[in-house]
Structure formats: structure tokens, C-alpha cells
Amino acid sequence: MPTLYLYNSLTREKSAFEPLHPGHVGMYVCGPTVYNDVHLGNCRSFISFDVIFRTLRYLGYKVRYVRNITDVGHLLDDGEDRIAKGARLEQLEPMEVVQKYTNSFLEMMRIFNVSPPSIEPRATQHIIEQIEMVAAILENGYAYEINGSVYFDTVRFAREKGVYGQLSGRVIEDLLQETRDLKKQDEKRHPADFAIWMKAEPEHIMRWNSPWGEGFPGWHLECSAMSTKYLGHTFDIHGGGADLKFPHHENEIAQNYGACGCAPAKYWVHGNMLLLNGKKMSKSDGNTISPYELFSGESPFISRGYSPMTVRFFMLQAHYRSTLDITDEALQAADKGYRRLMEAWKNIQRLPAPAGKQESDLDREILGQLDLAVEELCDDFNTPKALARLFEVTPRINALHGGQIPPDQILPSTLVRLRETMSALLFDVFGLAEEDQGTASATVNALMDLILDLRGRARASKDWPTADRIRDGLKEAGIVVKDGPEGSSWSAS
RNA sequence: GGUCACGUGGCCGAGUGGCUAGGCAGAGGUCUGCAAAACCUCGUACAGCGGUUCGAAUCCGCUCGUGACCUCCA
């Protein structure tokens with residue numbers, strides 16, 4: 001197995017991956033806040049980390065992948081809890097809102113063929129752990145309590161530990177010299193301080209008892225508490241979207257140091273943003289397209305619908321650390337490319353038996369490309385490069401299948417490798433799946449057999465008008481007929 | 001305003017000092033009754049201007065442009 005290299009946001013460089021415990025990887029990725037439907041940007045992020053998770057497993061690591069569900073709700077600008085707000089608007093119990101959007105989130109992950117994480121902890125089920133962590137931070141002197149709320153003492157932490165701002169590239173001096181334009185009711189000693197426990201106002205629905213009174217945990221605490229619980233004080237990889245670097249991840253690091261004196265993660269991995277119209281997709285400003293709109297085509301931004309696997313493939317064609325611009329043209333290109341690749345996969349399975357006797361140039365070429373594909377996957381999960389290698393072997397596969405290359409040009413062992421590696425990369429690592437556009441029932445298959453048989457007879461008697469009439473009619477019905485040497489086949493377009 | 005990215009051929013998108021990225025679109029050809037598919041061949045692109053170097057899309061500087069973070073956000 002080749003060495004895995006990954007880019008660490010913390011050090012800003014790519015280095016060889018060395019797990020803390022040989023053979024094992026602990027990975028924590030910040031999951032969604034379930035107060036609304038997931039949007040496509042979230043999906044890209046979780047697909048990126050899914051590929052990372054799958055790659056690690058493919059390389060033989062035993063991975064514990066923790067991806068949380070944040071159902072406590074973070075504070076809104078106006079001080080209102082997100083979950084509580086959603087509840088009031090929809091006349092639902094807070095936990096009902098949470099359950100509803102948790103379900104739809106998980107359904108979307110299933111649609112995108114994102115494998116479930118090893119553990120999917122929920123913030124509301126870890127209130128005790130969060131309270132304990134607040135207590136630990138208080139005990140260590142990195143937090144202070146005011147009127148039933150507890151704030152992290154960023155100033156003290158920054159001065160004493162010297163790690164604050166490292167991840168996000170903040171300059172501590174700038175943070176500390178920030179003007180103190182605190183709101184009147186703001187109890188924080190410094191703008192850079194942040195709440196780790198908030199006193200619940202009477203109208204606040206989600207609330208728990210704590211040593212500081214009734215309240216709810218702060219913005220960033222659930223990740224610190226749950227990653228520690230399931231992966232230990234220090235674990236291998238912490239991931240999330242690039243927009244979480246600050247303040248979320250920076251504060252998470254601070255909390256973990258504050259509680260246990262050590263860094264939570266060795267490697268920090270951040271996925272980049274999905275762009276629409278050249279700008280970040282965002283729920284708040286309307287520059288967004290939902291997954292369902294993308295599938296159905298019901299959006300002013302696209303001309304038609306695209307299947308989940310097309311979208312997944314589209315995302316894989318860009319590196320996870322690059323921004324990716326969604327355009328209709330790019331999606332159409334991805335759709336064609338994805339189908340071509342899957343068609344090649346099907347062709348592998350119906351290739352004539354290889355009859356090579358000794359290794360040919362073609363054998364070497366195919367094996368070389370497969371090796372490169374794996375190698376490039378291991379270079380910071382470079383899926384676009386790895387995919388390019390598969391596209392290099394695609395014409396060879398198709399030529400073997402179509403007869404342009406005779407079967408004696410490859411060894412039986414090459415076909416075995418081809419089948420194994422393609423299968424592993426396409427399905428196990430990239431997480432693609434065959435989409436049976438046909439989803440043909442037995443009835444449809446029987447009908448099509450009959451129609452193609454009738455057309456075959458017409459062709460045999462050189463009745464071209466009838467043959468073409470059938471083909472054109474089927475095309476209008478969305479069925480493409482392909483004539484080959486061994487008869488005609490069909491597929492839904 | 002501060003911090004940080006990015007600007008690649010018609011579109012998307014890899015690539016970080018010399019070696020073909022790849023996909024889609026487009027052109028020509030083979031096959032085919034015609035078509036589709038498949039196969040073969042074809043594109044010297046790297047924002048602009050300077051500099052370093054034997055050699056730069058790749059390093060440095062400046063200019064222009066775009067975006068992200070700084071506030072909930074994957």
C-alpha cells in the first residue's frame with residue numbers, strides 16, 4: 001500500500017499520515033445542525049469526508065468515524081435558539097423539529113450513498129459530558145461564570161497557551177486589541193471570549209439543569225465533548241467545512257486545551273465551499289439550490305435534473321480543498337462522464353476471455369494507470385487525478401469490448417486486477433453506485449424484447465422505414481436503441 | 001478595513017520549476033443500411049506586467065479581477 005499524504009490545515013502543509021495508534025484512525029467531522037433541510041454545500045462536505053473515510057478503510061485502517069448531529073441549536077444573532085425558533089414557526093416540539101430534519105438529513109446521505117459513520121452522537125444526548133467539560137475548564141481557570149452563564153476566557157488562554165489563532169491564522173494581538181464594543185447586555189469580559197454555557201431565558205424551550213442554573217451548552221462545546229468522549233483527548237483527524245475554521249474549530253481547540261491541556265486532533269482537514277454563480281452557497285442569502293431541486297431540475301439555475309450519482313461524480317471531479325462552481329454546463333459534462341465510466345465498468349464484466357500469453361505493452365499500460373490511480377488517491381485524496389487515470393483505461397476497456405483490440409493483447413491476470421481495482425475505486429472508495437435508469441420491470445423487459453425482436457426482423461428484411469420508425473418512436477419515449485454486432489440493446493436515456 | 005485563498009484552452013477542472021492531466025463540447029476519420037454508441041486522430045491554455053533561472057502555468061514583486069473568513073453557516 002502506498003503511503004497516504006494529507007494536507008493539515010494546522011501546519012498548512014502536506015505530510016505523510018502517521019496514525020497515533022498503528023492501524024487505527026480516529027476521525028471526527030462536524031455534522032449538521034438539524035434545524036433545516038440540508039443544502040447542497042453540506043452534502044459536498046459530507047461526501048468529501050465520506051471519500052476520506054472510505055479511502056482510509058480501503059488502505060486497511062480500522063477507522064472510528066464520528067460525525068455528530070447538533071440538535072441543541074446555536075444562538076442566533078438576536079439571541080434566539082435556532083431549534084426553538086424552528087419549533088415556534090412550525091408549531092412543533094423542539095425535539096420534533098430535530099427529529100424531522102435529522103431524518104431528512106440521513107435520507108439525503110443515503111441518497112448520495114454516503115456511508116454511515118461509526119458513531120453519530122447527538123448534542124442533546126451529551127449534556128452531562130458538556131457540563132462536565134465546562135466544569136473542567138472552569139476548574140482549570142480558563143472560564144468564568146457570570147449570572148448563570150459561563151464564558152471561555154480567550155484572553156487568558158491565548159496568553160498562556162499560545163495556540164489560539166493558529167488554525168485560522170488569527171493574530172492574537174489583533175484579537176486582544178479589538179475594540180470593546182460590547183453590547184450593553186453582553187456580560188463577556190472581552191469580545192473574543194465565547195459562551196460555553198448559556199443561562200436560559202424563560203422563553204427558551206431547550207434547557208437543562210446545571211451547576212450554574214438552567215441553561216444550555218455553548219456554540220462549540222458539543223464537538224469538544226463528544227470527540228473527547230468517543231475518540232479520546234487526542235485523536236487523528238478532525239474535519240469540517242472551511243467556514244468552520246473560525247470561530248468554531250479555533251474555539252473547539254481552545255476548549256479541549258482548556259479542559260485537558262492537550263490538542264484535540266493531530267490533523268485538521270477542511271473541505272472547501274461549493275459555489276453557485278461564483279459565490280458561496282448559503283442558506284441565508286438565497287444563493288442556493290437544494291438537492292431535490294437539483295435532482296428534479298426545478299431550479300432557475302439548471303436546465304434539467306441530475307441524478308444523485310451524477311452530482312457525486314461531479315463533486316469528485318474537483319479536489320476537496322478547491323472551491324467548486326456549480327453550473328449547468330459542468331453538470332451536463334459530469335453526467336456524460338459518469339455514464340461513460342459506468343458503461344466501461346459494465347463492459348469490464350462482459351469482456352471476452354483474455355488470451356494473452358505474455359505481458360504486453362497494453363498490460364503494462366493498464367496496470368500502470370491503476371497503480372497511479374491508487375497512488376494519486378493517496379496524495380491528499382486527489383479524486384480528480386485518480387478519476388483521470390480511470391478515464392485513461394476506459395478506451396482500452398471499450399476497445400477490448402468492442403473488438404478493436406483482440407483478447408490476446410491482455411493477460412488474464414490483468415483483467416482480474418482491472419476488475420478488482422476498478423470495483424474498489426469506483427464503488428468502495430468513490431462511493432459511486434450503478435443507477436439503473438431503466439429500473440426496468442419484468443414487464444418492460446418483456447415488451448422491449450418483443451419490440452426489438454420485431455425491429456430485428458424488419459432490419460433483416462431491409463425494411464428500414466419500419467426499423468427507423470421503431471427506433472425514433474422509442475427515442476421519443478426516452479429509450480435509446482443501440483445496434484451492435486450481437487443484436488440491439490436499449491437503455492433509458 | 002484586517003486576514004487568507006484563487007485567477008488554467010469554448011465550459012468544468014487537475015497540475016507547484018523541464019515530462020500528455022482528465023471530463024464535456026468541437027473538427028476529421030473507422031465501424032454501421034442510416035444513426036447512436038464505441039474506437040482512432042486533432043487543441044501548445046495557464047489574468048497582465050516585470051524579475052529570478054539554462055528553463056516558469058508552477059518561485060518572487062507589482063497591477064487588475066474574483067472569492068472566502070473576520071457574524072450562524074459544510
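Chain naming here is simple, since letters A, B, ... match the order of the sequence lines and numbering starts at 1 in each.
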Sugar-phosphate only, base, or nothing, as touched by [X] at under 4.0 Å among non-hydrogen atoms:
X: A:Leu324; answer: sugar-phosphate
X: A:Gly41; answer: base
X: A:Lys245; answer: nothing
X: A:Ser322; answer: sugar-phosphate
X: A:Leu387; answer: nothing

Distance between the [atom1] atoms of [N] and [M], in whole angstroms?
N: B:C19; M: B:G23; atom1: C1'; answer: 22 Å
N: B:A21; M: B:C46; atom1: C1'; answer: 13 Å
N: B:C54; M: B:C39; atom1: C1'; answer: 42 Å
N: B:C12; M: B:U71; atom1: C1'; answer: 32 Å
N: B:A68; M: B:G55; atom1: C1'; answer: 35 Å
N: B:U20; M: B:G1; atom1: C1'; answer: 46 Å
N: B:U16; M: B:G10; atom1: P; answer: 23 Å
N: B:A35; M: B:G67; atom1: C1'; answer: 46 Å

Query - pair A:Thr466-A:Arg455: side-chain heavy atoms closer than 4.5 Å - result: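 Of all side-chain heavy-atom pairs linking A:Arg455 with A:Thr466, none is under 4.5 Å.
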**Report entry** Check: A:Val269 and A:Phe49 side chains under 4.5 Å, non-hydrogen atoms
**Finding:**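 Yes; the side chains approach each other to less than 4.5 Å.
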Return the nucleotide paired to [N]: Watson-Crick means purine N1 to pyrimidine N3 with N6-O4 or O6-N4, wobble means G-U with N1-O2 and O6-N3, both under 3.5 Å.
N: B:A5; value: B:U66
N: B:G61; value: B:C49
N: B:C42; value: B:G26
N: B:A37; value: none

Query raised in the report: What is the distance, rounded to the nearest whole Å, between atom CZ of A:Phe105 and atom C1' of B:C73?
Result: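 Rounding to the nearest Å, CZ of A:Phe105 and C1' of B:C73 are 14 Å apart.
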Query raised in the report: Does B:C4 have OP1 or OP2 sitting under 4.0 Å from an N or O in the side chain of A:Ser168?
Result: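 Result: no.
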Query raised in the report: Any side-chain N or O of A:Asn42 under 4.0 Å from OP1/OP2 of B:C73?
Result: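 Result: no.
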Report task. For A:Arg170 and for A:Asp325, find the nucleotide of RNA chain B with the closest heavy atom, then tell me which residue's nucleotide is more 5'. Result ->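 It is A:Asp325, whose closest nucleotide lies nearer the 5' terminus.
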Query - 5′-ward residue of the pair A:Ala242/A:Phe391 relative to RNA chain B - result: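 Result: A:Phe391.
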Query raised in the report: Which parts of nucleotides 32-44 of chain B does protein reach within less than 4.0 Å, heavy atoms only, written one letter per nucleotide 5' to 3' as B for base, S for sugar-phosphate only and - for none?
Result: -BBBB-BSS----
Requested in this report: Mark up nucleotides 5-11 of chain B, 5' to 3', with B wherever a protein heavy atom is under 4.0 angstrom from a base atom, S wherever such an atom reaches only the sugar-phosphate, and - elsewhere.
Outcome: ------S
Query raised in the report: Of the nucleotides B:G13, B:A74, B:A21, which has the atom closest to the A:Asp243 side chain?
Result: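 Shortest atom-to-atom distance from the side chain points to B:A74.
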Report task. For the side chain of A:His39, starting at C-beta, report the closest nucleotide among B:C73, B:C69, B:A68. Result ->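 Between B:C73, B:C69, B:A68, the one nearest the side chain of A:His39 would be B:C73.
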**Report entry** Mutual orientation of the aromatic rings belonging to A:Phe152 and A:Phe157 [parallel < 30°, tilted 30-60°, perpendicular > 60°]
**Finding:**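 Ring orientation, 0 to 90° scale: perpendicular.
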Query raised in the report: Parallel under 30°, tilted from 30 to 60°, perpendicular over 60°: which one fits the rings of A:Phe105 and A:Phe46?
Result: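 Geometry flag for A:Phe46 against A:Phe105: perpendicular rings.
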Query raised in the report: Can the ring centroids of A:His249 and A:His270 be said to lie less than 6.0 angstrom from one another?
Result: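 Yes, close enough.
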Excluding sequence neighbours, so at least two apart, what forms side-chain contact (heavy atoms from CB on, under 4.5 Å) with [X]?
X: A:Thr323; result: A:Asn272, A:Leu275
X: A:Ala265; result: A:Phe235, A:His238, A:Trp268
X: A:Arg419; result: A:Trp345, A:Ile348, A:Leu415

Query raised in the report: More than 12 non-hydrogen atoms from neighbouring residues, nucleotides or ligands closer than 6.0 Å to CZ on A:Arg469, yes or no?
Result: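 No, not enclosed.
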Would you list the atom pairs, donor with acceptor, under 3.5 Å between side chains in residues 308-316 of chain A and any protein atom, with sequence neighbours excluded?
from, atom 1, to, atom 2, distance (Å)
A:Thr310, OG1, A:Ser307, OG, 2.9
A:Thr310, OG1, A:Asp335, OD1, 3.0
A:Arg312, NE, A:Phe430, O, 2.7
A:Arg312, NE, A:Gly431, O, 3.3
A:Arg312, NH1, A:Asp50, OD2, 3.1
A:Arg312, NH1, A:Phe112, O, 2.8
A:Arg312, NH1, A:Asn113, O, 3.1
A:Arg312, NH2, A:Asp50, OD2, 2.8
A:Arg312, NH2, A:Phe430, O, 2.8

Query raised in the report: Can a cation-pi geometry be assigned to A:Arg340 and A:Phe391, taking NZ or CZ under 6.0 Å from the six-membered ring centre and within 45° of the ring axis?
Result: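 Ring-cation test returns no.
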